[in-house]
Amino acid sequence: MHKFYMYDIPYFKASHPEEILAYMKAHPFALICGADLEGKPVATQIPFLFEQREDKLFLHGHFMKKQDHTNAFFQNPNVLVVFSGAHTYVSASWYENKQIASTWNYQSVQIAGRIQFQDTAFLHSLLTRLTETFEAPGSPSLVQEMDPAYVQQMMQAIVAFEVEVFSVRHVFKLSQNRDKKSRENIISKLNAQGGEALEIARAMEEKNKINS
């Protein structure tokens, strides 16, 4: 498996390994990237489910058939999956020392692995688990509540896969390198903005609790 690299600073990290998997589960709609045999890059965004077997992590998903990215992944099974969520600008004017660069706060997890396509039994199980995960209990849109003939027809157009995870790298960049008063002021400013800034503020508050 080829090595891959991302922005990697020791203090921009999760406090505990389980935080990384929790983050991915909270942001399951991720970008999967690869290349065909000629090196042409491909990418698409899909929802993922997760399974741990014998201390290994596996990602499960599905693609439409006859797409450029699907064909490429059949040719070359090496993939990079990127999980990300909220992000926000952080102005240096919010720091105690204002004569340094402004920045961007964000969280991201990158998974390197190998894709293996699966059979129709796996696909049916995956679709069942997907609807059970994202639909409300008792929803008529659960696979088991749908017309089996329609489900079988839909399955003919898609293919399921599993990614065996070889490496996990992450950046949780939440102003850990700033002093306590600066972090508190950043959180206050982000809370006032709302939107994605509010989500980052909450992540910073949680990070402060864990590290206090």
Side-chain angles (χ1 to χ4, degrees), residues 1-36 39 41-63 69-70 72-88 90 103-118 122-123 125-127 129-130 132-134 159-178 196 199-211:
M1 183 69 187
H2 297 295
K3 290 183 178 180
F4 76 102
Y5 302 94
M6 70 180 297
Y7 182 72
D8 193 14
I9 304 296
Y11 42 76
F12 293 148
K13 297 296 179 185
S15 301
H16 304 287
E18 54 267 28
E19 287 182 51
I20 303 171
L21 181 57
Y23 181 82
M24 291 190 289
K25 288 182 175 180
H27 302 84
F29 192 68
L31 178 70
I32 181 169
C33 312
D36 64 17
V42 294
T44 191
Q45 290 173 278
I46 61 168
F48 284 91
L49 295 180
F50 308 86
E51 182 177 342
Q52 291 179 286
R53 302 196 306 265
E54 299 177 356
D55 297 324
K56 284 188 175 182
L57 178 63
F58 297 85
L59 311 182
H60 295 163
H62 68 283
F63 301 130
H69 56 267
T70 309
F73 294 135
F74 270 107
Q75 297 173 22
N76 178 2
N78 297 314
V79 298
L80 179 68
V81 185
V82 182
F83 295 86
S84 59
H87 55 87
T88 189
V90 175
T103 190
W104 213 273
N105 277 6
Y106 68 97
Q107 294 174 281
S108 178
V109 178
Q110 295 187 2
I111 298 286
R114 183 180 296 271
I115 197 169
Q116 182 173 5
F117 289 93
Q118 304 293 318
F122 185 100
L123 175 59
S125 174
L126 172 66
L127 296 177
R129 289 185 292 131
L130 277 168
E132 288 174 344
T133 300
F134 297 109
V159 60
F161 65 86
E162 176 177 84
V163 174
E164 180 181 0
V165 174
F166 293 150
S167 64
V168 180
R169 303 187 74 178
H170 75 286
V171 175
F172 286 0
K173 187 173 179 294
L174 301 168
S175 299
Q176 296 97 317
N177 57 330
R178 303 270 74 88
E196 291 197 12
E199 184 176 335
I200 292 296
R202 289 173 177 168
M204 290 180 65
E205 289 170 340
E206 189 61 32
K207 176 66 69 175
N208 286 345
K209 289 178 185 177
I210 293 172
N211 293 338

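In this chain, residues are counted from 1 in sequence order.
Summarising the geometry, atom CZ belonging to Phe74 is positioned 14.5 Å from atom CG belonging to Asp36; distances are rounded to the nearest 0.5 Å. In this structure, Lys56 NZ and Glu51 CD are separated by 13.0 Å, a value rounded to the nearest 0.5 Å. With values rounded to the nearest 0.5 angstrom, Phe58 atom CZ is found 12.0 Å from Ile111 atom CD1. Between the CD1 atom of Ile20 and the NE2 atom of His170 there is a distance of 4.0 Å, given to the nearest 0.5 Å. If you take CD on Gln110 and OG on Ser84, they are separated by 9.5 Å, rounding to the nearest 0.5 Å. Here the straight-line distance linking atom CD of Gln107 with atom CG of Leu174 works out to 4.5 Å at 0.5 Å rounding.
Taking every heavy atom of both residues into account, Arg114 and Val79 meet most closely at N-CG2, 4.5 Å. Considering every non-hydrogen atom in both Leu21 and Gln52, the closest pair reads CD2-OE1, 3.7 Å. Residue Met24 comes nearest to Phe50 through the heavy atom pair O-CZ, 3.6 Å, listed as atom of the first residue, atom of the second, then distance. Of all heavy-atom pairs spanning Val81 and Ala30, the tightest one is CG1-CB, 3.9 Å. Minimum interatomic distance between Ala72 and Val42 (heavy atoms only, all atoms of both residues): CB-CG2, 3.7 Å. Between Ala86 and Glu196 the shortest heavy-atom distance is CA-OE1, 3.5 Å.
The one candidate from Gln176, Lys207, Glu206 that meets the side chain to side chain donor-acceptor pair (under 3.5 Å) condition with Ser15 is Lys207.
Put simply, the side chain of Gln118 reaches to within 4.5 Å of the side chain of Gln116, judged on heavy atoms. Looking at heavy atoms from C-beta onward, Ile115 lies in side-chain contact with Phe63 at the 4.5 angstrom threshold. With a 4.5 Å cut-off on side-chain heavy atoms, Val82 and Ser108 count as touching. Looking at Leu59 and Phe161, their side chains never come closer than 4.5 Å, going by heavy atoms from C-beta outward.
In this structure, Arg202 places its CZ atom where only 12 or fewer heavy-atom neighbours from other residues, nucleotides or ligands lie under 6.0 Å away.
Remark: the backbone N or O of Gly85 is paired with a side-chain donor or acceptor of Tyr23 at under 3.5 angstrom. His62 contributes no side-chain N or O that, together with a main-chain N or O of Leu126, makes up a donor-acceptor pair within less than 3.5 Å.
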Task: Intermediate values then yes/no, side-chain contact (heavy atoms from CB on, under 4.5 Å), Leu123 and Val159 - done: CA-CA 7 Å; Leu123 175 59; Val159 60; over 6 Å; no

